[in-house]
Amino acid sequence: MPRAQPRSILRIGWTSGDGAQDPYALGAREFQKALAARIGERIDVQLYPNRAIGDERPLVDGMRLGTVDMGVITNAVIAQVEPAFQVNDMPFLFSSEEQGHRVLDGAVGSQLRQRLEAKGIVPLGYMEGGFRHMINNVRPVVQPADLKGIKFRVLQSPIYLEMYRSLGGNAVPMAWGETFTAVQQGAIDGLEVPLGIIEQNKLYEVTKYLSLTGHIYSMIGLLIAKRSLDKLPADLKAAVIEAGAEATKAQRAANGAAQAVFRGSLAQHGMQVNEVPDKAAFRRGVLPMYESFRGQIGTDIIRDALAAVQ
């Protein structure tokens with residue numbers, strides 16, 4: 001009697017919670033579902049939310065080494081390994097989610113994929129956290145001058161630091177795990193995150209003002225270690241790649257639909273929500289950044305991204 005093939009295991013980690021609408025959790029579950037539909041139980045996709053197998057940078061480093069299989073990872077952390085990904089975090093680049101999808105599903109996305117694969121990590125999909133907005137306990141933000149004197153936690157990323165510097169704000173780089181307590185204790189005044197992360201992580205308990213700045217489009221990468229992918233037989237490898245593309249579509253649609261729900265929920269939880277009707281002054285403030293980051297990101301990628309959003 002032939003022996004049953006041993007099941008392959010893919011462990012996928014992320015740092016936020018496993019709530020029904022958490023954008024990271026949504027992505028991991030959609031991938032698990034899309035893969036199971038293709039190959040049944042031949043691969044066991046195991047989900048590890050809440051930093052259960054590491055914070056974002058250790059997950060990325062683990063994928064490069066082949067000690068971690070998969071992760072759903074914030075773009076700025078991917079950019080620490082492949083600086084070209086900083087293009088996705090350029091402030092006020094995209095004016096809509098559709099624009100972000102078009103750029104990432106086109107020439108810019110494929111250039112980024114090639115560069116990350118050369119570092120040992122394969123992007124299976126460019127998922128979506130939604131636009132990032134500013135939340136704080138000092139005042140609503142409507143124009144750049146409102147940022148003065150407010151301490152915002154940012155990702156450990158040169159773009160985030162430079163964005164606040166250009167606009168006259170005060171950026172404090174900090175790991176995600178420390179952030180909630182730091183706001184609660186007043187060590188920082190606020191942070192900038194997508195609506196889903198504010199809602200799912202109950203940041204409305206510790207911050208008062210939500211300003212819909214939409215300053216950065218939040219791409220979150222569904223990533224797999226090249227070693228983990230290459231270990232799979234050809235048919236399973238193809239199924240993983242297809243499932244990644246399908247899950248990305250489903251995750252984007254679900255996350256898009258959830259934005260209005262999140263916004264309503266945050267207002268109900270007592271956050272004071274304000275629109276930012278005129279982003280022109282913010283755009284003017286950050287324009288020099290496009291020149292200064294050209295070298296790190298790559299002239300061709302900056303050029304193609306700017307051309308695609310015209």
Side-chain angles (χ1 to χ4, degrees), residues 16 21-24 26-27 72-79 85-105 108-109 125-136 140-144 146-147 152-155 157 159-160 162-164 166-167 169 171 176 179 190-201 203-204 207 209-221 248 251-267 271-283 285-286 289-290 305-306 308-309:
S16 60
Q21 290 174 310
D22 181 289
Y24 294 77
L26 252 174
V72 190
I73 306 290
T74 307
N75 183 74
V77 179
I78 305 170
F85 274 77
Q86 291 179 113
V87 72
N88 299 319
D89 283 337
M90 290 306 282
F92 302 99
L93 174 62
F94 300 131
S95 57
S96 68
E97 286 87 355
E98 294 69 32
Q99 215 173 46
H101 301 164
R102 200 168 65 240
V103 172
L104 288 163
D105 295 342
V108 171
Y126 299 123
M127 293 180 165
E128 180 168 282
F131 277 95
R132 301 178 79 94
H133 304 289
M134 298 186 196
I135 58 176
N136 81 92
V141 173
V142 181
Q143 54 197 19
D146 296 329
L147 294 172
F152 283 93
R153 173 266 175 184
V154 294
L155 290 147
S157 149
I159 283 190
Y160 285 77
E162 186 57 30
M163 178 186 81
Y164 276 101
S166 301
L167 296 171
W176 178 246
T179 304
L191 57 154
E192 50 75 55
V193 268
L195 298 180
I197 300 299
I198 304 170
E199 213 264 354
Q200 300 287 304
N201 293 274
L203 286 159
Y204 50 76
T207 51
Y209 301 108
L210 162 58
S211 303
L212 298 169
T213 49
H215 50 278
I216 287 173
Y217 171 77
S218 183
M219 187 283 278
I220 52 183
T248 299
Q251 189 273 354
R252 285 173 176 176
N255 192 62
Q259 295 306 303
V261 178
F262 290 143
R263 186 176 164 174
S265 161
L266 294 170
M271 291 196 89
Q272 192 176 312
V273 185
N274 70 280
E275 295 282 353
V276 180
D278 181 17
K279 294 186 183 163
F282 289 93
R283 282 200 188 93
V286 300
M289 289 178 61
Y290 282 80
L306 286 171
V309 298

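- In this structure, the salt bridge (charged side-chain N to carboxylate O under 4.0 Å, His left out) partners of Glu275, at least two apart in sequence or on a different chain, are Arg263.
- For the atom pair CG (Leu306) and CE (Met90), the distance works out to 8.0 Å, reported to the nearest 0.5 Å.
- Pairs of residues two or more places apart, or lying in two chains, never qualify as salt bridge (Lys or Arg N to Asp or Glu O under 4.0 Å) while including a residue from residues 209-218.
- Atoms CG and CD, on Leu210 and Glu199 in that order, are 11.5 Å from each other to the nearest 0.5 Å.
- The distance from the CD1 atom of Ile216 to the CD1 atom of Ile159 is 7.0 Å, given to the nearest 0.5 Å.
- In this structure, Ser211 contributes its side chain and Val141 its backbone to a donor-acceptor pair below 3.5 Å.
- In this structure, Asn274 contributes its side chain and Val142 its backbone to no donor-acceptor pair below 3.5 Å.
- In terms of modelled atom types and a separation under 3.5 Å, the side chain of Ser96 and the main chain of Gln99 share a donor-acceptor contact.
- When all heavy atoms are compared, the tightest approach of Ala76 to Tyr160 is CB-CE1, 3.9 Å.
- Of the possible polar contacts, none joining the Asn201 side chain to the Leu203 backbone as a donor-acceptor pair under 3.5 Å is found.
- Taking all atoms of both residues into account, the shortest heavy-atom contact from Pro91 to Met163 is CB-SD, 3.6 Å.
- Between Trp176 and Ile197 the shortest side-chain heavy-atom distance falls below 4.5 Å.
- Residues passing the ring pair (Phe, Tyr, Trp, His ring centres under 6.0 Å) test with Phe131, sequence neighbours excluded: Tyr217.
- Residue Gln259 comes nearest to Gly129 through the heavy atom pair NE2-O, 4.4 Å, listed as atom of the first residue, atom of the second, then distance.
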- Please assess Arg132 against Leu155 for the test side chain to side chain contact (heavy atoms under 4.5 Å, CB included), listing each intermediate value before the final yes or no. CA-CA 12 Å; Arg132 301 178 79 94; Leu155 290 147; 3.6 Å; yes

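- Taking both residues in full, the closest heavy atoms of Asp22 and Tyr24 are given as OD1-N, 2.9 Å, listed atom of the first, atom of the second, then distance.
- What you find for Tyr126 and Gly109 is that their closest heavy atoms are OH-O, 2.7 Å.
- Looking only at side-chain heavy atoms (C-beta outward), Phe94 and Val309 come within less than 4.5 Å of each other.
- In this structure, the side chains of His133 and Pro194 stay at 4.5 Å or more apart for every pair of heavy atoms.
- Note that the OG1 atom of Thr213 and the CG atom of Asp146 stand 11.5 Å from one another [nearest 0.5 Å].
- Arg153 contributes no side-chain N or O that, together with a main-chain N or O of Leu191, makes up a donor-acceptor pair within less than 3.5 Å.
- Taking the charged nitrogens against the carboxylate oxygens, Glu128 and Arg252 have no contact shorter than 4.0 Å, which rules out a salt bridge.
- Proximity of a side-chain donor or acceptor of Gln200 to a complementary backbone N or O of Gly196 within less than 3.5 Å is not detected.
- Arg102 places a side-chain N or O within 3.5 Å of a backbone atom of Ala308 that can act as its donor or acceptor partner.
- Side-chain atoms of Gln251 come within 3.5 Å of backbone N or O of Pro23 as a donor-acceptor pair.
- For the pair Met271/Ile135, a side-chain contact is recorded, criterion being any heavy-atom separation below 4.5 Å from C-beta on.
- The shortest distance between side-chain heavy atoms of His215 and Phe92 falls below 4.5 Å.
- Taking each heavy atom of Gly125 and Thr248 in turn, the nearest pair found is CA-OG1, 3.1 Å.
- Here OG of Ser265 is found 10.0 Å from CG of Leu195. Values are rounded to the nearest 0.5 Å.
- To the nearest 0.5 Å, atom CG of residue Asn88 and atom OG of residue Ser218 are 9.5 Å apart.
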